[in-house]
Protein chains: 2
Amino acid sequence: MAPSHRFSSHPLLRKLDSICTLSDEEKAALLAMPMQVVDLRSHQDIVREGDRPSRSCLLLEGFTCFFKMTGEGRRQIMAFGFPGDIPDLLSLHLDVLDNSLSTITPCKVGFIGHETLRDLCSRFPQIASAFWRDTLIDASIFREWMLNIGQREAYSRLAHLLCEFIVRSQAIGLGHDGTYYAPMTQGELGDAMGISTVHANRVLQGLRGAGLISWRGTQLTVLDWDGLKSAGDFDPTYLHLREQTESLSSLRGPGA
Amino acid sequence: MAPSHRFSSHPLLRKLDSICTLSDEEKAALLAMPMQVVDLRSHQDIVREGDRPSRSCLLLEGFTCFFKMTGEGRRQIMAFGFPGDIPDLLSLHLDVLDNSLSTITPCKVGFIGHETLRDLCSRFPQIASAFWRDTLIDASIFREWMLNIGQREAYSRLAHLLCEFIVRSQAIGLGHDGTYYAPMTQGELGDAMGISTVHANRVLQGLRGAGLISWRGTQLTVLDWDGLKSAGDFDPTYLHLREQTESLSSLRGPGA
DNA sequence: CGGATCGTTGAGTTGTATCAAGACGGGTGG
DNA sequence: CCACCCGTCTTGATACAACTCAACGATCCG
């Protein structure tokens, strides 16, 4: 029953397995992609707004953030990148990048040339569909963040963000016993939610005080999953995961 | 010099012309798509959150909005749909819809079956790329709205929204002499910016008082384009239009 | 051990929400 | 054709969520 066959250990396939179905031939083709593997320190730029990259970046290990700055120098984080993600896949069809991408932890990334990706898409239409679908899911997450930032108050907003973080971690096999690796600082949390660092701190203490989570260092532990979900008005539909029920039920076990 | 050949009158081609290049053969194939044309009244749902549509909706005439509701009943508008847009193209690769789509004016729409679209994409890779690119531009706009909602104050936020509305209108040939058809109510404006109707009204009067725009009924007139752009911290890069300079210079003419 | 980054707390300020009520305007029915 | 009605726009008063500024404590790392 466990989906552990010879491919499942690679982060890209874990990620793609969580959102679509691919044949072994297609998976083999993905693993055969030539890529330039690079190790990066934390808080280092990968690509910057205004660049015209000819390759995209597959995140093999670590976490990234995708963000954009206001003219007044305020930063909005648009997305967090998890292992297996290709955070700048959009540059395949968008010549000039309108966002920057940085690491938030030390990362191992693989740069894949756009010709390689285009060739793969034309030879394997299912892979093209999977990549397109992946960018559509990213867009769906952007919309949910817009709803979150525009319409929910900060307390609920943070609860929602953490729910998403947990479900996405779970989907690619990260986290044990209701505890997850959460490397973001409170400043990054604030920039992702459109609130100040100070307020992020206060709201976080609200969640702690309500007994929903504990968060020490980079260890985030869910103490009351149902409570967190309802505080965050969270419905995972927008993540468009396969087997949602399975990953969620395995969550409720250790959480409750 | 004018790009008016036999295809340019159709809204879909005007839209696609603004973001990519297609051959005459591809354009002919697009125009030959079978579609079910329907007239809709204003403020009518087209598809709802939770639907599993087997077709997408090409907007031939009128304006739509794409939105999502909070558990507490607050609405966030994610995007406005212009003539030529396919606001729910994403349903081609996302089984269950996580947003609702409604008209905001009377509309003429053409429903196109997903098999038709898939067939077209497999026969004409350039069309597949154009559609994929279109959804990526939508995502880019979502990100800019996140930045707008999360990091800019209401006055600047509204100025930015109007700048985008004007440039997008301009890109598909709507508007004359700095005047544009803007059918949104102040309530819809507020829901798009994450502020209340009352505050949308006050901020709008701020823009009027600063001499940047006039807006009576559905007629929005730009009085000071450079002023509006700088109030909104607006840079159109994220719209990924072809020939940006051309459409913007023609704007400055009647505007100033 | 010193310095930098991150987390935490307090006090005062400001942007925006809510509630309420009136004015305007366009459509419909008597 | 007028009267009415409903949705939208507008304005005022009050309340609150979140911001800024500032300072201090806790870590971590070199």
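Sequence lines set the chain letters: A, B, ... in the order given, protein chains first and strands last, and positions in each chain run from 1.
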Any idea which of D:dT27, D:dA22, C:dC19 is nearest the A:Arg216 side chain? D:dT27

Just the rounded figure in Å: distance from P of C:dA17 to CD of B:Glu72. 16 Å

Among D:dT11, C:dT18, D:dT20, the nucleotide that comes nearest once only the side chain of B:Asn201 is considered: D:dT11

Would you call the rings of B:Phe165 and B:Phe82 parallel, tilted or perpendicular if under 30° counts as parallel and over 60° as perpendicular? tilted

For atom CD1 of A:Ile104 and atom C1' of C:dC6, their distance in whole Å: 14 Å

Is there a side-chain contact between A:Gln186 and the phosphate of C:dT5, meaning an N or O under 4.0 Å from OP1 or OP2? no

Taking only heavy atoms on the protein side, list every residue of residues 145-164 of chain A lying under 4.0 Å from any atom of DNA chain D, sorted numerically. A:Glu153, A:Ala154

Presence of A:Arg208 side-chain N/O under 4.0 Å of C:dG7 phosphate oxygens OP1/OP2: no

Is a donor from one side chain sitting under 3.5 angstrom from an acceptor on the other, for B:Thr103 and B:Ser42? no

Can you check the A:Ile195 CD1 to D:dA17 P distance for me, whole Å? 14 Å

Inter-residue atom distance B:Glu61.CD - B:Leu59.CG, 0.5 Å rounding: 9.0 Å

A:His43 has a side chain; which of C:dC6, D:dA18, D:dT10 sits nearest to it? C:dC6

Less than 4.0 Å between a side-chain N and a carboxylate O, is that true for B:Asp233 and A:Arg74? no

Under 3.5 Å side-chain donor-acceptor pair for A:Glu144 and A:Asn148: no

A:Met184 CE to C:dC6 P, in whole Å, measures 14 Å

Taking the side chain of B:Thr185 as its heavy atoms from C-beta onward, which of D:dT8, D:dT20, C:dG7 lies nearest to it? D:dT8

Heavy atoms under 4.0 Å, any strand shown: does B:Gly190 hit a base, just sugar-phosphate, or nothing? nothing

Taking atom types as modelled, is there a side-chain donor on B:Thr237 or B:Asp235 under 3.5 Å from an acceptor on the other? yes

In terms of heavy-atom contacts, A:Pro83 and A:Ile172 come closest through O-CD1, 3.6 Å

What is the distance, rounded to the nearest whole Å, between atom NE2 of B:His199 and atom C1' of C:dC19? 16 Å

Tell me whether the OP1 or OP2 atom of D:dC9 has a side-chain N or O from B:Gln205 closer than 4.0 Å. no

Rounded off to whole Å, could you give me the CG-to-C1' distance for the B:Leu204 and D:dC9 pair? 10 Å

Please confirm whether any donor atom in the side chain of B:Arg202 sits under 3.5 Å from an acceptor in the base of D:dG12, or the reverse. yes

